[in-house]
Amino acid sequence: MNQRRNRTRFTEDQLKILIKAFDQNPYPGYATKQRLALEVNTDESRVQIWFQNRRARHQSQKKSEPDEDLESSQDQDHAEEEIQSREDRRRRSSYTPSQLHTLIQAFTNNPYPGIDTREQLAKEIGIPESRVQIWFQNRRSRFHVQRKREPHDQD
DNA sequence: CCTAATCTTATCAAGCGCAGCTTGATAAGCCCATTAGG
């Protein structure tokens, strides 16, 4: 059926490691996320989601605090520097026509597959489930964009 | 209730082939995205 992945429960030890890494760099590259995943014994995709959620929480918290003490006056270009030092992304995947065919067919059948369907697909075509999920996200996104660009006279 | 999982939208960037398109990967979401599991 169409259900979510089981909710991950991080232990305190795991969180300690993740938080420490987050404080050092809230935008880890793929290699760092993989290393962390190994260290806390989970999947890289869970580490990725954890960082995304933590950034969302942290940034909202940041906004509510003015924090104009004696630190920000010294280096104003800190933000740019932060972006520049971003680590490498995951290497771009490339799918065979056969894999794409299977994905597209599944998409036509259901653009919002649950975890079971995604994992089954992943197994079937031999790519990680996280890539399947990203593929569906991108596909849906572009489907929506195209719809906006060429609005049909109906609706 | 807390926060992992999910969704949309926008953007970066690899690959191809040599200008600019296609598409996988990543980030943000604003009175602070929504949904839902335990």
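Computation of the quantities below employed the complete heavy-atom set of this structure, encompassing side-chain atoms and omitting hydrogens, waters and symmetry-equivalent molecules. Below, chain A is the first sequence line, B the second, and so on; all start at residue 1.
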Using a side-chain heavy atom cutoff under 4.5 Å and only I, L, V, M, F, W and Y, what cluster partners does A/Trp135 have? A/Tyr95, A/Leu100, A/Leu103, A/Ile104, A/Phe107, A/Leu121, A/Ile125, A/Ile127, A/Val132, A/Phe136
Do the side chain of A/Arg55 and the main chain of A/Pro26 share a donor and acceptor less than 3.5 angstrom apart? yes
Could you state the atom-to-atom distance from CZ of A/Phe10 to P of B/dT3 in whole Å? 12 Å
I'd like the C1' distance from B/dA33 over to B/dC7, given in whole Å. 8 Å
Tell me the interatomic distance from A/His58, atom NE2, to B/dA4, atom C1', rounded to whole angstroms. 16 Å
P-based separation of B/dA36 from B/dA13 [nearest Å]: 34 Å
Could you give the distance separating B/dA5 and B/dT11 at their C1' atoms, to the nearest angstrom? 23 Å
Separation of the P atoms in B/dC1 and B/dG29, to the nearest angstrom: 27 Å
Without decimals, in angstroms, what is the distance between A/Arg9 CZ and B/dC2 C1'? 10 Å
Atom C1', compared across B/dT8 and B/dG37: separation rounded to whole Å: 22 Å
Can you tell me, in whole Å, how much space there is between the C1' of B/dT34 and that of B/dA28? 14 Å
Sugar-phosphate atoms are those with a prime plus P, OP1 and OP2; base atoms are the rest. Using that split, label each nucleotide of nucleotides 16-28 of chain B B, S or - for protein heavy atoms under 4.0 Å, 5' to 3'. -------BBBBSS
Value in whole Å for how far the P atom of B/dG37 lies from CZ of A/Arg4: 7 Å
Residue list, salt bridge (Lys or Arg N to Asp or Glu O under 4.0 Å) with A/Glu39, at least two apart or on another chain: A/Arg35
Spacing between A/Ile115 atom CD1 and B/dG37 atom C1', to the nearest angstrom: 14 Å
Distance between P atoms of B/dT9 and B/dA4 (Å, rounded): 25 Å
B/dT3 base to A/Arg57 side chain: any donor-acceptor pair below 3.5 Å? no
From CZ of A/Arg54 over to C1' of B/dC2, roughly how many Å is that when rounded to an integer? 13 Å
Does A/Glu44 have any salt bridge (Lys or Arg N to Asp or Glu O under 4.0 Å) partners at least two apart in sequence or in another chain, and if so, which? A/Arg90
Reference residue A/Glu129; test side-chain contact (heavy atoms from CB on, under 4.5 Å); the match among A/Gln120, A/Lys123, A/Arg5: A/Arg5
Distance between the P atoms of B/dC30 and B/dA25, in whole angstroms? 25 Å
Does OP1 or OP2 of B/dC7 have a side-chain N or O of A/Arg140 closer than 4.0 Å? yes
With sequence neighbours left out, what residues match A/Arg89 under salt bridge (Lys or Arg N to Asp or Glu O under 4.0 Å)? none
The side-chain hydrogen bond (donor to acceptor under 3.5 Å, both in side chains) partners of A/Tyr30 (sequence neighbours excluded) come to A/Gln34
Contact class for A/Ser141 vs. all strands (heavy atom < 4.0 Å): base, sugar-phosphate, or nothing? base
Sort out the partner of B/dC30 for me: Watson-Crick or G-U wobble, both distances under 3.5 Å, none otherwise. none
Tell me whether the side-chain N/O atoms of A/Tyr112 come closer than 4.0 Å to OP1 or OP2 in B/dA5. no
Please tell me whether A/Thr102 and A/Glu124 have a donor and an acceptor in their side chains that are separated by less than 3.5 angstrom. no
